[in-house]
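Contents: one structure, followed by commentary.
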Amino acid sequence: MQCPAMQTQRVGRRSAKAAAQQGVACMHIGGRVFAIRASGRRKDARAASAASRATSVKVHATATIEKPAGPSVTSSNGGAGTRVMIIGGDGYCGWATALHLSARGYEVCIVDNLCRRQFDLTLGLDTLTPIATIHDRVRKWAEVSGKYISLQIGDICDWEFLSQAFTSFQPDHVVHFGEQRSAPYSMIDRQKAVFTQTNNVVGTLNVLFAIKELKPDCHLVKLGTMGEYGTPNIDIEEGYLTVTHNGRTDTLPYPKQGNSFYHLSKIHDSTNMLFTCKAWKVAATDLNQGVVYGVRTEETMADPLLINRYDYDGIFGTALNRFVVQAAVGHPLTVYGKGGQTRGFLDIRDTVRCIQIAIDNPAARGEMRVYNQFTEQFSVNQLAEIVSREGRKLGLEVVVQNVPNPRVEAEEHYYNAKHTKLVELGLQPHLLADSMIDSLLEFAVQYRDRVRMELIKPAVDWRKTGVKVNTMGAAVAK
């Protein structure tokens, strides 16, 4: 996640404090018990203080380090020689993608100012899983895999930092996750709405300028969202729609109907990308991603220090991840409104694979490709039914509760979105089988002592977004 320079204090300069972990947590993997101890001994402030400059940290494995006796990592050199910069690589999708690509031989550089961690501190939130600092994460990855990831701490809204990061790493591909990615966060108050749009649009503009000026042959893989389309009463195509009007035919960008200031920022990103592809011959792939669920990938489960974050609160938690945690702790599944809202969903394991497919099959110079990145469609009611059924099989008492919808959206609607292009390029989806729900539920039960019940209910109402700063009341429903 990237924060704008307008913030009262640059998040990058406080990133070490924001990322600090304390205490010891236990984790069970493959029948073994691992203890995770916080890295309070290490001081990240030295790296964070250089947020206005490109600070590169390369962590190498050495011959004296023994691999832990945990799950093995599938390693290959399929991406050898391909340099991939992952902006927002400390986040939920970014971290899993960074490890997936590194394990397969790509040379990976993470660019992040650790802003997502600061959001948790500011709002009083916490991930279900105890995540390590980014510095400890990349060090542990080197020990586990024998590969290294370059780390550059800074804000892409700062052109001086981003230009130096680009110049030093010289990426062949840029994977751009680095945006404020929560619709509820963007609707907390005027300040968060302005922050979301400024941060997301300016950051993406800087990336586009960096490609034009510093690495014109670099391919941009940008994470968009299916939410850009809204819920039209016609089929949703993959990016473009051929229209015949008054006897003339043209292929145009599919109409966009964003439903929050966050979604509107992503629409603006897509428009800017389309323009620069035409004007500057940028090569870009826009991945309109559905709702992601899950936490396990082969790489993130290879060691407790590599575990990914898992958000369950009403601001950053996605629908299925929230339902699973609610079932695990005996809280009613909170279905917003009538529950007929239908969206596309995909497993985190498919997210990382889709990114690799986009990299391995790059767009041509001047081409703006759009892929709809999801594997299945479900309504909120269908998800609640699946989680309820599987939870009862595990002996959990699961009930469903319809609550007033905090969002302004259609609760019953037609929804049929196309998603064939990534499958045609080789994606083999992990579908939401009962076994997947069982696995998620068991994972949530394992960590349920970390759940804070007051964070579960929705606390941000689209109708009440105002100019008064609402940070203190945003996370906890009254």
Do any side-chain atoms of residues 327-334 form donor-acceptor pairs under 3.5 angstrom with protein atoms, and if so which ones, sequence neighbours left out?
from: T334; atom 1: OG1; to: Q326; atom 2: NE2; distance (Å): 2.9

Side chains of residues 384-391: which donor-acceptor pairs under 3.5 Å do they make with residues two or more places apart or in other chains?
from: S388; atom 1: OG; to: A384; atom 2: O; distance (Å): 2.7
from: R389; atom 1: NH2; to: D434; atom 2: OD1; distance (Å): 3.2
from: E390; atom 1: OE2; to: K393; atom 2: NZ; distance (Å): 3.2

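For the pair D126 and R450, the tightest heavy-atom approach, listed with the atom from each and the gap, is OD2-NH2, 3.4 Å. What you find for I307 and P130 is that their closest heavy atoms are CG2-O, 3.7 Å. Counting all heavy atoms, side chain and backbone alike, P406 lies closest to R463 at O-NH1, 3.6 Å.
Geometrically, R137 engages W95 in a cation-pi contact, judged by NZ or CZ lying under 6.0 Å from the ring centre and within 45° of the ring axis. Y92 does not carry R116 over the face of its six-membered ring by the limits of under 6.0 Å from the centre and within 45° of the normal.
In this structure, the separation between CD1 on I355 and CG on L422 is 9.0 Å, given to the nearest 0.5 Å.
A donor-acceptor pair shorter than 3.5 Å cannot be found between the side chains of K222 and S270. Side-chain atoms of S379 and T342 include no donor-acceptor pair closer than 3.5 Å. Residues T204 and H176 have side chains that bring a donor and an acceptor to within less than 3.5 angstrom of each other. Side-chain contact annotation: T300 with N308, donor-acceptor N/O pair under 3.5 Å absent. R296 and S439 form a side-chain donor-acceptor contact under 3.5 Å, judged by distance and modelled atom types alone. No side-chain donor from either of H100 and T97 sits under 3.5 Å from a side-chain acceptor of the other. Using modelled atom types, one finds a donor on one side chain and an acceptor on the other under 3.5 Å when comparing T196 with Q180.
By the 6.0 Å contact criterion, OH on Y371 is enclosed, its count of non-hydrogen atoms from other residues, nucleotides or ligands being greater than 12. For CZ of R248, the number of neighbouring non-hydrogen atoms (other residues, nucleotides, ligands) closer than 6.0 Å is 12 at most.
Side-chain atoms of N381 come within 3.5 Å of backbone N or O of K338 as a donor-acceptor pair. Side chain of D189 to backbone of V467: no donor-acceptor contact under 3.5 angstrom is found. Judged purely by atom type and a 3.5 angstrom limit, E367 has no side-chain atom pairing as donor or acceptor with the backbone of A283.
Salt bridge E179/R181: absent, no basic N to carboxylate O contact under 4.0 Å. Ion pairing between D311 and R309 holds under the 4.0 Å rule for side-chain N and carboxylate O. Using a cutoff of 4.0 Å between basic side-chain nitrogens and carboxylate oxygens, K421 and E238 are not scored as salt-bridged.
Residues passing the side-chain contact (heavy atoms from CB on, under 4.5 Å) test with N361 are I357, R369, L425, sequence neighbours excluded. The salt bridge (Lys or Arg N to Asp or Glu O under 4.0 Å) check on K464 picks up nothing, with sequence neighbours excluded. With sequence neighbours left out, K256 forms a salt bridge (Lys or Arg N to Asp or Glu O under 4.0 Å) with E228. Among residues two or more places apart in sequence or in another chain, the side chain to side chain donor-acceptor pair (under 3.5 Å) test is passed with N416 by D235.
Taking the six-membered ring for Trp, F209 and W280 have ring centres closer than 6.0 Å. Annotation: Y254 is in aromatic contact with Y229 [ring centroid separation under 6.0 Å].
By the 4.5 Å heavy-atom criterion applied to side chains, I211 and L220 are counted as neighbours. Looking at D112 and F177, their side chains never come closer than 4.5 Å, going by heavy atoms from C-beta outward.
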Item to complete: Step by step, work out the ring pair (Phe, Tyr, Trp, His ring centres under 6.0 Å) result for Y262 and Y185.
Response: CA-CA 8 Å; Y262 156 73; Y185 186 93; over 10 Å; no
